[in-house]
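Working notes for the structure below.
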Amino acid sequence: MNIVDGDKVECSRCDELISLDDANVLGKANNRSYAKPLCDDCLENVGVPQGYELERDVSYLKES
């Protein structure tokens with residue numbers, strides 16, 4: 001996951017820049033190094049596949 005300007009991330013599906021406050025992150029349940037940020041629209045289309053976890057609050061990743 002590549003953080004842009006300290007507080008934005010690119011949606012891994014549509015490439016839209018979204019705020020970390022609004023980002024949803026899909027991760028593999030047993031692999032913390034795998035994280036795919038998604039905007040709300042893409043999350044609605046993809047859902048949460050079996051074996052993945054959804055993290056809605058990733059604001060702690062903001063860089064000062």
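Source: prediction; values computed, not measured.
With values rounded to the nearest 0.5 angstrom, Asn24 atom CG is found 5.0 Å from Asp40 atom CG.
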With a 3.5 Å cut-off and sequence neighbours excluded, list the donor-acceptor pairs that the side chains of residues 41-52 form with protein atoms.
{"unit_1": "Asn45", "atom_1": "ND2", "unit_2": "Asp41", "atom_2": "O", "d": "3.4"}

Do any side-chain atoms of residues 2-20 form donor-acceptor pairs under 3.5 angstrom with protein atoms, and if so which ones, sequence neighbours left out?
{"unit_1": "Ser12", "atom_1": "OG", "unit_2": "Pro37", "atom_2": "O", "d": "3.0"}
{"unit_1": "Ser19", "atom_1": "OG", "unit_2": "Asp21", "atom_2": "N", "d": "3.0"}

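At least one side-chain heavy atom of Leu26 sits under 4.5 Å from a side-chain heavy atom of Leu38.
Take Asp22 and apply the side-chain hydrogen bond (donor to acceptor under 3.5 Å, both in side chains) test, not counting sequence neighbours, and it matches no residue.
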